[in-house]
Q: 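Below are the structure tokens for one structure; questions will follow.
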Amino acid sequence: MKDSIDKVCDDFAENTVGASCLVYKDGQELYSGCFGYADREAELPMRRDSIVRLFSLTKPVTATAAMILAERGLLSPDDPVSRFFPEYAHMTRQEGDRVVPCGTELKISHLLTMTSGLPYANDYDVSVRGAARLFDRVIAGNNGGTPVTTAEFAHSAAEIPLSFEPGTRWDYGISADVLGGVIEKVADMPFGEFLRASIFEPLGMDDTGFYVPAGKLGRLAALYKWSDSGLVRDGENYLGLTDLRSPPSFESGGAGLCSTIDDYSRFVRMLCGGGEFGGVRILGADTVGYMTSPKLSAAQNTLWDRLRGYNYGCLMRIMTAPDIAEVKTGAGEFGWDGWTGTYFNANTRNGIAVLFFTQITGAGTTWQATEISRIVYEHLSK
């Protein structure tokens with residue numbers, strides 16, 4: 001197994017930039033490897049403690065935070081979002097070229113399952129243009145205007161006409177960002193502070209947060225993108241995020257966290273272990289079971305084609321039909337990826353967890369991550 005994974009990662013790093021990989025079985029490390037450069041120009045090698053931009057690997061953390069509050073009896077997936085932000089009581093949705101009132105009230109469960117109809121920004125219809133205007137406000141605040149906070153983002157998102165009636169189908173969008181605002185309000189503390197107190201500190205995730213302290217900036221991996229001239233450094237900030245050098249006003253529950261593969265493996269092993277890691281229990285086993293069970297009906301399951309064989313749980317994909325899936329793992333596997341090439345899968349049924357991290361915008365689930373997962377599952381199934 002080691003030689004096969006080494007070859008995949010060596011080839012990747014030789015042709016692109018740095019990557020790191022970890023594999024666990026029943027909480028025990030079976031493989032670790034770091035390849036290439038975290039910063040190619042500075043010739044800084046990729047390491048287990050290299051700090052990377054998680055982007056959408058933030059979402060499972062946000063879902064976990066919500067379920068911690070649910071276990072404390074402070075919120076429920078069945079709660080209407082208007083319980084916490086009254087403006088959500090009167091949502092609208094697009095219907096062709098018109099905007100009409102919603103017939104269904106938006107619930108926390110819709111945010112957890114991405115069936116809210118709250119889209120990411122674009123310009124092809126009234127709903128996504130509304131999201132774009134909100135992100136424009138966040139970016140303007142980051143650039144010296146009036147800062148938009150996590151709670152203000154959630155408040156303002158209620159003005160966006162939904163793409164569809166809540167609960168009718170799945171579509172990727174800003175649900176986790178709104179959920180971050182809900183968590184902040186319910187916990188009565190900044191979102192990042194709640195994550196630190198309830199997840200990061202108990203799990204020993206010392207390098208995880210919404211910004212990188214000055215003393216750790218030397219470990220921040222560079223971000224790259226593909227261009228006509230090949231792979232080049234990417235200095236842009238996306239989705240209203242900052243350069244990570246100071247605490248942001250908007251702590252994005254959908255994309256804002258940075259971490260190391262070592263730190264994030266602790267979070268993954270906690271989920272894989274049914275809510276417990278290193279003698280610390282973050283969630284009950286039944287709650288993890290709820291998070292990692294399929295929530296979409298056949299009509300709701302409009303996941304992307306590349307996710308054939310998957311359903312969706314709480315801000316994570318859930319493998320339900322391995323025989324038709326492009327990713328060769330096993331039933332019950334769950335996880336997600338980040339836009340910058342951060343990826344994990346885990347499985348409470350067999351104790352397998354796989355992580356593969358790189359830093360290339362637009363990478364998402366790389367073929368290397370899926371190939372490593374195939375290698376691991378085939379080896380451990382013998």
Q: Starting from L134, can I reach V126 by hopping between I/L/V/M/F/W/Y residues whose side chains sit under 4.5 Å apart?
A: no

Q: So, does S373 use its side chain to make a donor-acceptor pair with the main chain of A369 at under 3.5 Å?
A: yes

Q: Is it true that K216 and D49 make a salt bridge, defined as a side-chain N closer than 4.0 Å to a carboxylate O?
A: no

Q: Main chain of L22, side chain of S32: is a donor-acceptor contact present, judged purely on distance under 3.5 Å?
A: no

Q: Under a 4.0 Å threshold between the charged nitrogen and the carboxylate oxygen, would D11 count as salt-bridged to K7?
A: yes

Q: Determine whether the aromatic ring centres of F344 and F356 lie less than 6.0 Å apart.
A: no

Q: Verify, without hydrogens or angle tests, whether D39 (side chain) and A221 (backbone) share a donor-acceptor contact under 3.5 angstrom.
A: no

Q: Would you check if there is a donor-acceptor pair between the side chains of T208 and D263 at a distance under 3.5 Å?
A: yes

Q: Same cluster or not: I261 versus I372, using hydrophobic residues (I, L, V, M, F, W, Y) connected whenever any side-chain heavy atoms lie under 4.5 Å apart?
A: no

Q: Quick one: name the residues clustered hydrophobically with L217, using the 4.5 Å side-chain heavy-atom rule over I, L, V, M, F, W, Y, and just say none if it's on its own.
A: I51, V212, L220, L244

Q: Would you say the side-chain atoms of S249 and T149 include a donor-acceptor pair closer than 3.5 Å?
A: no

Q: Could you tell me whether the side chain of R281 and the main chain of G274 form a donor-acceptor pair under 3.5 Å?
A: yes

Q: Once ring pair (Phe, Tyr, Trp, His ring centres under 6.0 Å) is applied, what residue pairs with a partner in residues 236-257 remain, sequence neighbours excluded?
A: F153-F250, Y238-W339

Q: Measure from NZ or CZ of K295 to the centre of the six-membered ring of Y290, then state whether that distance is under 6.0 Å and the direction lies within 45° of the axis.
A: yes

Q: Taking CG in D6 as the centre, count heavy atoms belonging to other residues, nucleotides or ligands within less than 6.0 Å. Is the count above 12?
A: yes

Q: Other residues, nucleotides and ligands only: do more than 12 of their heavy atoms fall within 6.0 Å of CD on Q28?
A: no

Q: Would you say the side-chain atoms of T104 and E165 include a donor-acceptor pair closer than 3.5 Å?
A: yes

Q: So, do Y172 and W304 have ring centers that fall under 6.0 Å from each other?
A: yes

Q: Inspect the contact between E236 and K225 and indicate whether a charged nitrogen and a carboxylate oxygen are less than 4.0 angstrom apart.
A: yes

Q: Apply side chain to side chain contact (heavy atoms under 4.5 Å, CB included) to I318 and Y312, showing your working.
A: CA-CA 5 Å; I318 315 294; Y312 202 72; 5.6 Å; no

Q: So how far is it from D171 CG to T115 OG1, rounded to the nearest 0.5 Å?
A: 10.5 Å

Q: Between N345 and Y377, do the side chains contain an N or O donor and an N or O acceptor separated by less than 3.5 Å?
A: no

Q: For the backbone of L283 and the side chain of T287, can you confirm whether one donor and one acceptor N or O come within less than 3.5 Å of each other?
A: no

Q: Can a donor-acceptor pair be found between the side chains of T242 and N142 at a distance below 3.5 Å?
A: no

Q: Is the closest basic N to carboxylate O distance between R308 and E326 below 4.0 Å?
A: yes

Q: Using a strict 4.0 Å threshold on nitrogen-to-oxygen distance, state whether E105 and K107 make a salt bridge.
A: no

Q: Between N301 and Y310, do the side chains contain an N or O donor and an N or O acceptor separated by less than 3.5 Å?
A: no

Q: Got a salt bridge between E159 and R133, using NZ or NE/NH1/NH2 to carboxylate O under 4.0 Å?
A: no

Q: Are side-chain heavy atoms of P166 and L162 found at a separation under 4.5 Å?
A: yes

Q: When you look at E152 and R137, which way does the salt bridge (charged side-chain N to carboxylate O under 4.0 Å, His left out) test go after all the steps?
A: CA-CA 11 Å; E152 287 167 349; R137 283 181 52 204; 5.5 Å; no

Q: Return the NE2 to CZ distance between H155 and F85, rounded to the nearest 0.5 Å.
A: 9.0 Å

Q: Does some side-chain heavy atom of I68 sit less than 4.5 Å from a side-chain heavy atom of I199?
A: yes

Q: Output yes when a side-chain donor or acceptor of R266 lies under 3.5 Å from a complementary backbone atom of L203, and no otherwise.
A: yes

Q: Using side chain to side chain contact (heavy atoms under 4.5 Å, CB included), reason through E276 and I282 one step at a time and then give a plain yes or no.
A: CA-CA 6 Å; E276 184 177 2; I282 302 297; over 6 Å; no

Q: S56 vs K59, test: side chain to side chain donor-acceptor pair (under 3.5 Å). Steps then yes/no.
A: CA-CA 5 Å; S56 286; K59 291 178 172 71; 2.8 Å; yes

Q: Test side chain to side chain contact (heavy atoms under 4.5 Å, CB included) on T370 and T365; report intermediate values, then the result.
A: CA-CA 7 Å; T370 59; T365 296; 3.5 Å; yes

Q: Can you give me the closest heavy-atom contact between T329 and E333, atom names plus distance?
A: OG1-OE1, 2.5 Å

Q: If only side-chain N and O atoms count, and only distance matters, is there a donor-acceptor pair under 3.5 Å linking Y264 with T342?
A: no

Q: Taking T320 for its side chain and P294 for its backbone only, find out whether a donor-acceptor pair lies under 3.5 Å.
A: no

Q: Is the NZ or CZ atom of R269 both under 6.0 Å from the centre of the six-membered ring of Y24 and within 45° of that ring's axis?
A: yes

Q: How about D97: does its CG atom have over 12 heavy atoms from other parts shown lying under 6.0 Å from it?
A: no

Q: In Å and rounded to the nearest 0.5 Å, what is the CG to OG1 distance from D234 to T361?
A: 4.5 Å

Q: Do NZ/NE/NH1/NH2 and the carboxylate oxygens of D262 and R47 come within less than 4.0 Å?
A: no

Q: Could you report the tightest heavy-atom contact between L231 and Y224, atom names first, then the distance?
A: CG-CB, 3.9 Å

Q: Hydrophobic cluster mates of W367, side-chain heavy atoms under 4.5 angstrom, ILVMFWY only, any path?
A: none

Q: Between R317 and W336, is a side chain to side chain contact (heavy atoms under 4.5 Å, CB included) present by the stated rule, with each step listed?
A: CA-CA 6 Å; R317 62 177 188 273; W336 200 240; 3.8 Å; yes

Q: For the atom pair CG (L111) and CG (L118), what is the distance rounded to the nearest 0.5 Å?
A: 7.0 Å

Q: So which atom in S227 and which in V232 form the shortest heavy-atom distance, rounded to 0.1 Å?
A: OG-CG1, 3.6 Å

Q: Linking I/L/V/M/F/W/Y whenever any side-chain heavy atoms sit under 4.5 Å apart, do M46 and V23 land together?
A: no

Q: What distance separates K2 NZ from I375 CD1, expressed to the nearest 0.5 Å?
A: 12.5 Å

Q: Is a side-chain donor or acceptor of T58 paired with a backbone partner of G253 at a separation under 3.5 angstrom?
A: no

Q: Does D188 CG have over 12 foreign heavy atoms under 6.0 Å away?
A: no

Q: What's the separation between atom CZ in R245 and atom OH in Y211, rounded to the nearest 0.5 Å?
A: 13.5 Å

Q: In terms of side-chain geometry, is the basic nitrogen of D337 or R306 positioned less than 4.0 Å from the acidic oxygen of its partner?
A: yes

Q: Counting only N and O atoms by type, is there a donor-acceptor contact under 3.5 Å from the side chain of D177 to the main-chain atoms of G254?
A: yes

Q: Stepwise, does the salt bridge (charged side-chain N to carboxylate O under 4.0 Å, His left out) test hold for E29 with R48?
A: CA-CA 13 Å; E29 184 175 295; R48 290 176 67 142; 2.9 Å; yes

Q: Using modelled atom types and a 3.5 Å cut-off, is there a donor and acceptor pairing between side-chain atoms of Y31 and backbone atoms of V376?
A: no

Q: In terms of the angle between their ring planes, are F135 and Y120 parallel, tilted or perpendicular, with boundaries placed at 30° and 60°?
A: tilted

